[in-house]
Number of protein chains: 2
Amino acid sequence: MLTKKAKYGLKAMVHLAGVRPGETALVADIAASNQIPKKFLDAILGELRNAGFVHSKKGKGGGYMLARPPSDIGVGNIVRALDGPLAPIQCASKTVYRRCDDCTDETRCAVRLVMLRAREAIAEVLDKTSLEQMRELGESGDGVRSLVGGKAARQAMDMA
Amino acid sequence: MLTKKAKYGLKAMVHLAGVRPGETALVADIAASNQIPKKFLDAILGELRNAGFVHSKKGKGGGYMLARPPSDIGVGNIVRALDGPLAPIQCASKTVYRRCDDCTDETRCAVRLVMLRAREAIAEVLDKTSLEQMRELGESGDGVRSLVGGKAARQAMDMA
DNA sequence: ACAAAGTTGACTAGATTTATAGAGTAAAAT
DNA sequence: ATTTTACTCTATAAATCTAGTCAACTTTGT
Ligand code: FES
Ligand code: FES
């Protein structure tokens with residue numbers, strides 16, 4: 001489950017992707033537009049700055065701006081910066097792999113092997129989507145219609 | 001991120017899928033074999049019983065057994081019973097949908113639209129895998145090798 | 001140069017969920 | 001009745017989410 005930190009962070013990044021390049025957005029404005037608790041957003045944008053996704057400027061005319069064009073920022077990496085690895089379980093992560101203390105033989109752990117597949121599926125979606133694409137999704141508002149399609153997908157959707 | 005509850009629950013279910021049909025397994029044994037805190041496992045199996053996945057029997061010769069053949073139990077549904085919806089965010093869930101208080105227009109929320117895709121990808125993996133298949137995965141121990149394949153998948157793997 | 005206002009940044013604190021342990025209760029078999 | 005096992009209830013430590021207070025920096029006006 002995505003934490004609120006990541007959810008708010010993503011919303012803020014989408015907001016920042018919407019301002020004209022070179023201009024900044026105030027934390028107060030981002031918070032108000034997206035109904036995010038301002039103080040929490042302060043902390044979140046701080047982390048995103050430390051991670052190199054955004055730049056900040058203090059004082060009048062200050063605020064936040066993206067450090068790179070939104071087409072260069074992967075959604076998956078934003079989530080990683082805020083919530084940690086995409087993998088549902090750490091032993092299935094490549095970026096922040098950590099051994100499971102329980103589980104004697106990792107290579108035969110059924111849980112891990114299934115979750116490796118899940119991680120791959122998640123990464124396939126999140127790493128293939130740029131911040132720009134994500135923002136466009138919201139603008140056109142179509143959503144799922146234009147997706148993989150097929151009976152299997154629709155069936156899976158009915159129970160997720 | 002999958003909680004330890006779900007992780008332990010899945011391991012226990014795999015264990016139960018391994019006992020001969022009609023026989024039972026003791027909580028103490030499952031806990032010892034899989035290095036799970038016994039009391040925690042007690043609670044987890046209790047939830048799985050309430051959810052109808054397993055049956056229990058008290059007294060000598062008692063223990064737990066699967067309520068249905070492992071080929072009839074979807075991994076996704078086990079996770080849902082223990083950790084709640086598969087969707088990374090509740091507004092993207094079909095089973096336990098809940099509106100986001102922030103976000104005025106759900107149909108145009110970029111975060112939700114991306115996470116709908118992520119949910120679909122996760123469900124595609126977890127709902128298509130039965131407990132039996134999951135257990136077989138662990139036995140043959142091959143893991144990722146036999147997966148989707150292709151450059152894209154390998155690339156995504158390198159950073160998840 | 002100086003003060004004032006605007007804005008990010010850091011530090012603390014309370015409420016809620018997660019992870020684990022302990023002690024004891026209830027049911028079933030012998 | 002005794003033993004074996006699942007079940008319940010309570011309690012503690014960590015992580016998450018949110019708010020409040022104050023410090024640090026940057027521009028602007030005088
Ligand atoms: S190795 Fe991580 S769950 Fe088994
Ligand atoms: S509607 Fe749920 S994140 Fe926007």
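Worth knowing before you read on, the calculation uses all heavy atoms, side chains too, and leaves out hydrogens, waters and symmetry mates. The sequence lines fix the lettering, A, B, ..., with proteins before strands; numbering per chain opens at 1.
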Asker: Under a 4.0 Å N-O cut-off, is there an ion pair linking Glu23(A) with Arg20(A)?
Answerer: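 Yes, charged N to carboxylate O under 4.0 Å.
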Asker: Could you state the atom-to-atom distance from CG of Leu45(B) to P of dT20(C) in whole Å?
Answerer: 15 Å
Asker: As a test of reading the structure: which of dC7(D), dC17(D), dG6(C) is closest to the side chain of Lys60(A), going by heavy atoms?
Answerer: dG6(C)
Asker: Check whether any side-chain heavy atom of His55(B) sits under 4.5 Å from a side-chain heavy atom of Thr24(B), and report yes or no.
Answerer: no
Asker: Say you draw a straight line from CG of Leu66(A) to NE2 of His15(A); how long is it, rounded to the nearest 0.5 Å?
Answerer: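 Result: 10.5 Å between the selected atoms.
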Asker: Let me know the distance between CG of Leu41(A) and C1' of dA10(C), rounded to the nearest Å.
Answerer: 16 Å
Asker: For dT7(C), does OP1 or OP2 lie under 4.0 Å from any side-chain N or O of Ser56(A)?
Answerer: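 No, no such contact exists.
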Asker: From CD of Gln90(A) over to P of dA19(C), roughly how many Å is that when rounded to an integer?
Answerer: 13 Å
Asker: Between the base of dT21(D) and the side chain of Lys39(A), is there any donor-acceptor pair under 3.5 Å?
Answerer: yes
Asker: Nearest to the side chain of Lys5(B), heavy atoms from C-beta on, is which of dA19(C), dT4(D), dT18(D)?
Answerer: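 Nucleotide nearest to Lys5(B)'s side chain: dA19(C).
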Asker: Strictly below 4.0 Å: does Arg49(B) bring a side-chain N or O up to OP1 or OP2 of dC7(D)?
Answerer: yes
Asker: Which comes earlier along DNA chain C counting from the 5' end, the contact point of Gly62(A) or that of Asn50(A), where each point is its nearest nucleotide?
Answerer: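 The answer here is Gly62(A).
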Asker: dT18(D), OP1 or OP2 - any side-chain N/O from Tyr8(A) closer than 4.0 Å?
Answerer: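 Answer yes for this pair, as a side-chain N or O of Tyr8(A) is under 4.0 Å from OP1 or OP2.
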Asker: Report yes if some heavy atom in the side chain of Leu126(A) is under 4.5 Å from a heavy atom in the side chain of Asn77(A); otherwise report no.
Answerer: no
Asker: For dA28(C), does OP1 or OP2 lie under 4.0 Å from any side-chain N or O of Lys57(B)?
Answerer: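 No, no such contact exists.
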Asker: Do Asp127(A) and Leu86(A) come close enough that some side-chain heavy atom pair is under 4.5 Å?
Answerer: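 Of all side-chain heavy-atom pairs linking Leu86(A) with Asp127(A), at least one is under 4.5 Å.
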Asker: Expressed as a whole number of angstroms, how long is the span from Asp102(A):CG to dA19(C):P?
Answerer: 13 Å
Asker: Could you check Ile36(A) against Ala43(B) and say which one's nearest nucleotide on DNA chain D is further toward the 5' end?
Answerer: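 The residue closer to the strand's 5' end, by nearest nucleotide, is Ala43(B).
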Asker: How close or far is atom C1' of dT18(D) from atom NZ of Lys7(A), stated in whole angstroms?
Answerer: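 Nearest whole value for this atom pair: 14 Å.
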Asker: Here's a test of your reading of the structure: between Thr3(A) and Ala25(B), which maps to the more 5' nucleotide of DNA chain D?
Answerer: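 So the residue in question is Ala25(B).
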Asker: From NZ of Lys58(B) over to P of dT30(C), roughly how many Å is that when rounded to an integer?
Answerer: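 The answer, rounded to whole Å, is 17 Å.
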Asker: Separation of Asp83(A) atom CG from dT16(D) atom P, in whole Å?
Answerer: 9 Å
Asker: To the nearest Å, how far apart are Glu47(B) CD and dA19(C) P?
Answerer: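 So the two atoms are 11 Å apart, to the nearest Å.
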